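Given the structure is predicted, the values throughout are model-derived calculations rather than measurements.
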Amino acid sequence: MLTGLAIRKAKTTEKTQKLFDGAELYLEVPKKGNKRWRLKYRYQGKVKLISLGIYPTITLADARQRRDKAKKPLANGI
């Protein structure tokens, strides 16, 4: 599980980093640009990504709520 402190301390490096929170939610820290929340999921056997917003506009708590909201239709096969 990620913490607010770990997110704030995340610095850009030569490669894009992925800081995983759990349940396929992660914070992507690119070489350049803003940190962004991503949700990785499978639908019909294919891996898909959803962007949940830019950090710090979307906080960790907000990202977790958006993850849960996005996963409900997936659980129902939509």
Side-chain angles (χ1 to χ4, degrees):
M1 298 288 284
L2 278 175
T3 63
L5 181 61
I7 293 168
R8 286 190 301 274
K9 284 187 172 185
K11 303 291 181 195
T12 58
T13 61
E14 292 181 17
K15 292 185 178 181
T16 299
Q17 299 178 63
K18 295 178 182 178
L19 305 175
F20 288 90
D21 181 54
E24 292 89 28
L25 175 68
Y26 66 91
L27 182 70
E28 187 176 77
V29 183
K31 292 187 282 188
K32 296 180 182 177
N34 296 323
K35 299 173 187 175
R36 53 187 164 252
W37 294 105
R38 299 280 195 161
L39 176 64
K40 180 178 171 182
Y41 66 97
R42 287 188 176 271
Y43 183 71
Q44 296 181 346
K46 295 183 181 179
V47 176
K48 307 277 186 173
L49 286 175
I50 296 175
S51 179
L52 300 177
I54 302 292
Y55 177 85
T57 305
I58 304 301
T59 64
L60 177 58
D62 293 337
R64 287 175 177 163
Q65 287 177 347
R66 289 179 180 212
R67 172 199 60 202
D68 294 342
K69 188 176 179 181
K71 288 187 117 188
K72 282 185 182 181
L74 293 171
N76 294 328
I78 299 174

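- Applying the salt bridge (charged side-chain N to carboxylate O under 4.0 Å, His left out) test to residues at least two apart or on different chains, the pairs with a partner in residues 25-34 are E28-R36, E28-R38.
- Remark: L25 CG to L2 CG distance equals 7.5 Å, nearest 0.5 Å.
- Counting heavy atoms from C-beta on, the side chains of T57 and N34 never come closer than 4.5 Å.
- Residues L52 and I58 form no side-chain contact, since every pair of their non-hydrogen atoms from C-beta on lies 4.5 Å or further apart.
- For the salt bridge (charged side-chain N to carboxylate O under 4.0 Å, His left out) condition, no pair includes a residue of residues 47-60, sequence neighbours left out.
- L39 CG to R67 CZ: the interatomic distance, rounded to the nearest 0.5 Å, is 8.0 Å.
- Under the side chain to side chain donor-acceptor pair (under 3.5 Å) criterion, the residue pairs touching residues 69-78 are E24-K71, with sequence neighbours excluded.
- Within the model, atoms CH2 of W37 and CD1 of I50 stand 15.0 Å from one another, a figure rounded to the nearest 0.5 Å.
- Counting only residues at least two apart or on different chains, no side chain to side chain donor-acceptor pair (under 3.5 Å) pair has a member in residues 4-18.
- Within the structure, the ring-ring contact (aromatic ring centres under 6.0 Å, His included) test picks out no pair touching residues 43-78 (sequence neighbours left out).
- Atom CG in L5 sits 12.0 Å away from atom CG in L60 (nearest 0.5 Å).
- Under the salt bridge (charged side-chain N to carboxylate O under 4.0 Å, His left out) criterion, the residue pairs touching residues 55-66 are D21-R64, with sequence neighbours excluded.
- Using a 4.5 Å cut-off between side-chain heavy atoms of Ile, Leu, Val, Met, Phe, Trp and Tyr, L49 falls into a hydrophobic cluster with F20, Y26.
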